[in-house]
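To keep things clear, I will list the structure first and then write my remarks on it.
All values derive from a computational prediction rather than experimental measurement.
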Amino acid sequence: MGILNATPDSFYNKGRESDANGLLKSAEKMLKDGAAIIDIGGASTKPGQDLVNTDEELQRVIPVITAIHNHFPDAWLSIDTYNSRVAKEAIHSGAAIVNDVSGGGFDSDMLHTVAGLQVPYIAMHMQGTPKDMQLNPVYDDVVTEVYQYLEKLCLECEEAGITQVIIDPGFGFGKTVAHNFALLRALHAFNTLGKPILAGLSRKSMICKALKVNPEHALNGTTALNMVALQQGANILRVHDVKEAVEVVKLYRELVR
């Protein structure tokens, strides 16, 4: 899954090529590099970020989704949003998956909206909100608590009528470096929920802090942890750098064949 940020303030690309033409070119490159899904977001969820106005989010993502869908009608597009109205309009514009970092927690209509749209739903764990999630995240047992949260959320999705759920433990969303590595070590345990697992490790602070680098220099660390994630049972890698992630997948397949 290639990350396409239609925002002026994402933690990595910082708005570079965030206009529709630039994003269309980025999507084309990702697809040529082997991306199976393009994840389009118009609301940055980096630590300290306020929630984005719905109309502004729509203005950012709908033209991009429409352009990519028109140029690459067979491409799988997902909308990265915590807003049910954005999810609905994005699906009607050509997206086919809803990726919600809040697990329905920021919009009480989200789960029923996704059920009505009859599309796959990526359900993620976050402690707090982007504004406060990294101030002082605390768990008694991070693996158990995230597992139980996702288990409950999967049941809520089923009750709402969502038939295809992908789970995401939410690396970097309300977790310390130690929490993140504990989740990665135990990622295989989440297979017992019976859902595909998405791992979003790309250029995140758990890599940057451990290696003492900034996001621009975190590709090597990302590649290393992506292999670990696959070995621990991840089914989808959400990444900024598609070519390198596809190579990891190819090498993993050789390893386990």
Does the side chain of [Y] come within less than 4.5 Å of [X]'s, by heavy atoms?
X    : Y    : answer
V146 : F190 : yes
E28  : M30  : no
V246 : D33  : no
I40  : D80  : no
L117 : H92  : yes
E247 : T223 : no
F171 : K175 : no
T222 : I207 : yes

To the nearest 0.5 Å, tell me how far [X] [atom1] sits from [Y] [atom2].
X    : Y    : atom1 : atom2 : answer
I167 : I236 : CD1   : CD1   : 10.5 Å
Q232 : N191 : CD    : CG    : 9.0 Å
T54  : E89  : OG1   : CD    : 9.5 Å
H217 : C208 : NE2   : SG    : 10.5 Å
M126 : D100 : CE    : CG    : 8.0 Å
S205 : N214 : OG    : CG    : 13.0 Å

Can K250 and E254 be counted as an ion pair, charged N to O under 4.0 angstrom? no

Using a strict threshold of under 4.0 Å (side-chain N to carboxylate O), is an ion pair present between D55 and R85? yes

Single-linkage hydrophobic cluster [X]~[Y], side-chain heavy atoms < 4.5 angstrom:
X    : Y    : answer
F106 : F173 : yes
W76  : I79  : no
I68  : V61  : yes
I162 : Y149 : yes
I97  : V242 : no

Are there over 12 heavy-atom neighbours, none belonging to [X], within less than 6.0 Å of that residue's [atom1]?
X    : atom1 : result
E145 : CD    : yes
N220 : CG    : no
K88  : NZ    : no

Is there a donor-acceptor pair under 3.5 Å between the side chain of [X] and the backbone N or O of [Y]?
X    : Y    : answer
S202 : H240 : yes
N83  : V86  : yes
D168 : A123 : no
H71  : A67  : yes
T144 : D141 : no
N180 : G172 : yes
R203 : E216 : yes

For [X] and [Y], work out which heavy atoms get closest and say how close.
X    : Y    : value
T113 : S84  : OG1-CB, 3.6 Å
P169 : L183 : O-CD1, 4.3 Å
M206 : F181 : O-CE1, 3.6 Å
L187 : A234 : CD2-CB, 4.1 Å
G42  : R60  : O-NH1, 2.8 Å
I65  : A95  : CG2-N, 3.7 Å

What residues form a side-chain hydrogen bond (donor to acceptor under 3.5 Å, both in side chains) with N99, not counting sequence neighbours? D39

The test is side chain to side chain contact (heavy atoms under 4.5 Å, CB included); show your working for L111 and Y121 and say whether it passes. CA-CA 9 Å; L111 298 187; Y121 179 65; 3.5 Å; yes

Please report the C-alpha distance between L77 and F72 in whole Å, then the side-chain angles of each, then the deciding distance to 0.1 Å, and finally whether the side chain to side chain contact (heavy atoms under 4.5 Å, CB included) criterion is met. CA-CA 10 Å; L77 308 180; F72 308 102; over 6 Å; no

Which pairs, with at least one residue in residues 155-167 and sequence neighbours excluded, count as a side-chain hydrogen bond (donor to acceptor under 3.5 Å, both in side chains)? K152-E156

Test side chain to side chain contact (heavy atoms under 4.5 Å, CB included) on Q231 and M227; report intermediate values, then the result. CA-CA 6 Å; Q231 292 176 314; M227 177 60 86; 4.1 Å; yes

Chi angles and distances behind the side chain to side chain contact (heavy atoms under 4.5 Å, CB included) call for M1, I122: CA-CA 12 Å; M1 174 186 277; I122 301 172; 3.7 Å; yes

Flag for T66-H69: side-chain donor and acceptor within less than 3.5 Å: no

